[in-house]
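So the structure is just underneath, and the comments pick up after that.
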Amino acid sequence: MYENYVLDKAYFVKVIADLAAIVEEQRDYLTGLDSAIGDGDHGLNLSIGFREVTKNLGEWQKENLTILMKKIGMALLGKVGGSAGPLYGSLFMKMGEPAAGKDAVDFNEFYNMLKVGIEAVEMRGKAVVGEKTMVDALRPALDTLAGAIEEGVEPKTAFEKMLDSAKSGRDSTIPLIAKKGRAMRLGERAIGHVDPGAASSCIILEMFYKNMP
Amino acid sequence: MYENYVLDKAYFVKVIADLAAIVEEQRDYLTGLDSAIGDGDHGLNLSIGFREVTKNLGEWQKENLTILMKKIGMALLGKVGGSAGPLYGSLFMKMGEPAAGKDAVDFNEFYNMLKVGIEAVEMRGKAVVGEKTMVDALRPALDTLAGAIEEGVEPKTAFEKMLDSAKSGRDSTIPLIAKKGRAMRLGERAIGHVDPGAASSCIILEMFYKNMP
Amino acid sequence: MKRLINDPYDVVEEMLEGYVKAHEQYVKLLEHDGRVVVSKKAPVENKVGIIIGGGSGHEPLFLGYVGEGFADAAVIGNINTSPSPEPCYNAVKAVDAGKGCLYMYGNYAGDVLNFDMGAEMASMDGIRVETVLVTDDVVSSKEIKDRRGVAGDFYVFKIAAAKAALGADLDEVKAAAEKANANTRSMGVALSSATLPSTGKPIFEMGEEDMEIGMGIHGEPGVRRGKIEPADKVIDQIMEHILPDLPYESGDEVSVLVNSLGATPLLDLHICYRRVAQILKEKGIKVHKAFVGPFATSMDMAGMSVTLLKLDDELKELLDYPCDTPYFVQK
Amino acid sequence: MKRLINDPYDVVEEMLEGYVKAHEQYVKLLEHDGRVVVSKKAPVENKVGIIIGGGSGHEPLFLGYVGEGFADAAVIGNINTSPSPEPCYNAVKAVDAGKGCLYMYGNYAGDVLNFDMGAEMASMDGIRVETVLVTDDVVSSKEIKDRRGVAGDFYVFKIAAAKAALGADLDEVKAAAEKANANTRSMGVALSSATLPSTGKPIFEMGEEDMEIGMGIHGEPGVRRGKIEPADKVIDQIMEHILPDLPYESGDEVSVLVNSLGATPLLDLHICYRRVAQILKEKGIKVHKAFVGPFATSMDMAGMSVTLLKLDDELKELLDYPCDTPYFVQK
Ligand SMILES: Nc1ncnc2c1ncn2[C@@H]1O[C@H](COP(=O)(O)OP(=O)(O)O)[C@@H](O)[C@H]1O
Ligand SMILES: Nc1ncnc2c1ncn2[C@@H]1O[C@H](COP(=O)(O)OP(=O)(O)O)[C@@H](O)[C@H]1O
Ligand SMILES: [Mg+2]
Ligand SMILES: [Mg+2]
Ligand SMILES: [Mg+2]
Ligand SMILES: [Mg+2]
């Protein structure tokens, strides 16, 4: 089943284009979350990065998936800065590797792309679940997807479970004290607020889900 | 009649004490007027000056009227600064001269005190009626008092007329463009506002009036 | 906006106490007059005394420029209020080295009244005191002699002080100050009022979208209120007023001062400077040296001003002359 | 509060364009990387390269301290946001003179991520880059290594830069920076939020009577919100936190930095400094040198911080070492 479920370059390009659009739309929402427990720039930072991506996407889509994702990641790394730049930069740069220079991937390969990308985020940021970061959304999401694949769940449904899991993970950050990032200096005052990076991670996964065939 | 109408040191001391009290009370009103067309400090400036006067009044009342008024004027000159400091400083310093070292004055001498004081304001500031300054209150007031004395009006009534005239003069500043002081840079924007110095001049004259026997 | 003060009646004295402690290597208060900030080097032998002053609330103006190669003394008034005559006089007594003194301050009625009385007192002691009023604010009046002084104070003071430091006599120093003033033009905009220490409230209210064009540094209203605009548009308007006023023309060499009125950050000022530089380049006017920062403020007022000083060889040399004060050091 | 900018997405680039024009005698942008401000004297022969950096919106930090005797380069991020790795790397390439480089910046997760990647890239070119994180903010964590850097940046950068200027090697320069950091403690209060250029709105709302204690310079919330108090009370609280933390004790000699977060005027800062000086005197702590002004800001935020640096002979010499940059000149 998974070998026949193909995600081609057009899919990835569409996901990225939609992502760029939704980042603009959600910019002030994300920035608002970051105002509460950070420095109020998460939405703007992503917007700066994805504007750069949008500017070049027409050009870059000529490349294979590995290079396309790498260029996207490099643009985020180069333009976003802060914590989100290196973290999301690594996510996208690394995601391309399992695509191995191809123009399309099957669902197994797609899973590997996500796995490698999310692990790169963990490696870079050294955060684990429960520290009130994007990892609280990404790690459970990846585990859920792995489980669903183990059970042989149909691709789009499997991804839906993944997304649900990401959202629960995002919401699980609300009662937490932060142990990583800017919010860690806040102590108890961070309690009661969603982590902005967990929220943006859900938005990213949602775009992958929405565009699945 | 005027020779028998005596104003003694106790009267002047009481006027000054009341004046100091009312300046505190009206500080924010005067400052408000100065905010509209000046730099918002007229009330505070006078308050700083009269606080200094209050601090020393107990000591100074041992002196004769000439020295008492001079000390009051010097304190205003030294503490108020701005335009009001030299102008009101001159008013009080000069007022003492016609008292000629005495401890009480009759109404003719009192008129001379006001005359010399107000002329000193005019000399210092070089303003004439119609330029939207304290002179718009002081000059007509003095002229009215002179007229009333000419007509032989009873002292307190004469001074009442003087005060009315000062108030009309104050209100006459409302439609004016300023030709002196900070407000002169405002041009047409000064129209519609009372001149703060004209307002404080009325307050000063009012204290002289209220305490008259 | 909120202020960090104690009793509003004590702000000036407490500031001065802090100031002379913080910068004790440079300045002291006169022992017998707590409203005169004097350079520790004053009186300087064989030098004309340079005395500046005015109301408080414009820091680093005036006291920040007292030190070597700049002013010998600053006379300190209450907030937004000219000092009284006595400290003006005491400043002369403290810094005069036998060559006379020059008073320099912005052209405001209150200051003229008080400094003139100070000068009269000094002349009774046989000390010659001359005065130069700064009149750089182009929008404050058509007549130059009626214009008020704003950030241009900095240039006029700096030039005259350098001339004095070079050993010139009082007439020459005064002439240099007058030449600098004649070559200086400024205009500013305010985006918010300053907060008065006495009331804790803004001097005046401004709408969310409003901007005051031609605002002075005491919170006096400007020539008109307009809608707030992008930085480039604001600078375009300012330059349209300043450039033809002298005029500044192709081939001229100038110094530019982009001044913060207090709360406007260096970030914004440099965006503004960028546009000023573009316009000057278009017009063929060369920039010799630029200054960007809070040089003459109105406490926590948001806003900025642009000042141009047209240079010749003499003014250039005097502008570049080294000095060392708490708020302006030049090698 | 209102800002004077154009398109919010262009603020950093436009500021930099204005900055290098205004201060062209001191600095330039790297030709191939518009986010690196380099001293015109760099690379300086036989000198360790001093590289500082971080988000924009803290001016004059960081770029204002690039010049002779201070930093060789500043790496510039977006507003409140660490720069990305490439300019960190490009700065090394531009200023390394064969003796290696020292990165110094405030201890923030984002900055560490990006600068570390820059250092990795440099090490692949065989250039040694060491890092010292500034951790002066006493209220940001109990653990010193978790504390963030605020105005203490100024002291740590200044000391290390002077050590480098004296010809020390990378290990010695790093040791000097670490010693300065170990001897530095800060704490601040905010009275208002900064206005974000992107939204034109404050990052957060504060009540008319509120004050945020321990606020960082990015607008991160502080440790607690309290009622606004008179300056002396605020300073008393700050000093109660700072003094025992190192501790600073009778007989010590310190330098004091009273820093404006942006909109708080010099008037208020000197009232605050007055109280700091009183307390230090009571405690028998001597002040070698004081700095009062906007050294590390958060755009138009109202508020201030106090920083103490405990000195020994070496630190004193390094602090006093002359330098010449657009926003800090010392003779
Ligand atoms: N070490 C880390 N590991 C994973 N995620 C992190 C880490 N540090 C911060 N984050 C994420 O980054 C988000 C903040 O991103 P952003 O606001 O763009 O950066 P900055 O904190 O530098 O302003 C946080 O909400 C958090 O999810
Ligand atoms: N030349 C002048 N002659 C008479 N009165 C004047 C003159 N200039 C100013 N004033 C008066 O002074 C008042 C302002 O006083 P104040 O606010 O204390 O001084 P400043 O204008 O220096 O702040 C004005 O309202 C006006 O009545
Ligand atoms: Mg953030
Ligand atoms: Mg006034
Ligand atoms: Mg005034
Ligand atoms: Mg950030």
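Computed from a prediction, not measured in an experiment: that's the story for all the values here. Per chain, numbering begins at 1; letters A, B, ... match sequence-line order.
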When L16(D), D300(D), V292(D), D10(D) are compared by non-hydrogen pairs under 4.5 Å with chain C, the top option: V292(D)
Contacting moiety of P60(D), where chain C heavy atoms sit under 4.5 Å: both
Residue, of E17(D), E229(D), H270(D), that accumulates the most heavy atom pairs under 4.5 Å with chain C: H270(D)
Interatomic spacing from CZ in F291(C) to OH in Y273(C) - rounded to 0.5 Å: 10.5 Å
Part of V234(C) within contact of chain D (heavy atom distance under 4.5 Å): side chain
Distance in Å, I76(C) CD1 paired with R35(C) CZ, rounded so as to fall on 0.5 Å steps: 8.0 Å
CD1 on I271(C) to OG1 on T264(C), rounded to 0.5 Å: 11.0 Å
Geometric class of the F62(D)/H58(D) ring pair [parallel <30°, tilted 30-60°, perpendicular >60°]: perpendicular
Distance in Å, M15(D) CE paired with R274(C) CZ, rounded so as to fall on 0.5 Å steps: 12.5 Å
Closest-packed option against chain C by number of heavy-atom pairs under 4.5 Å, given Q278(D), M206(D), M299(D): M299(D)
Gap between atom CG of D268(D) and atom CD of E14(C) - 0.5 Å precision: 11.0 Å
Interatomic distance, L257(C) atom CG to L309(C) atom CG [nearest 0.5 angstrom]: 10.0 Å
Chain C-proximal positions within residues 279-290 of chain D [heavy-atom distance under 4.5 Å]: K289(D), A290(D)
Distance-only donor-acceptor check, side chains S255(C) and Y155(C), under 3.5 Å: yes
Top of Q25(D), E208(D), M304(D) for chain C proximity - count of heavy-atom pairs under 4.5 angstrom: E208(D)
Contact origin within Y327(C) toward chain D - heavy atom pairs under 4.5 Å: side chain
Most contacts with chain C, counted as non-hydrogen pairs under 4.5 angstrom, among V258(D), N6(D), T297(D), I5(D): N6(D)
Side chain, backbone, both or neither of L269(D) within contact of chain C (heavy atoms, under 4.5 Å): neither
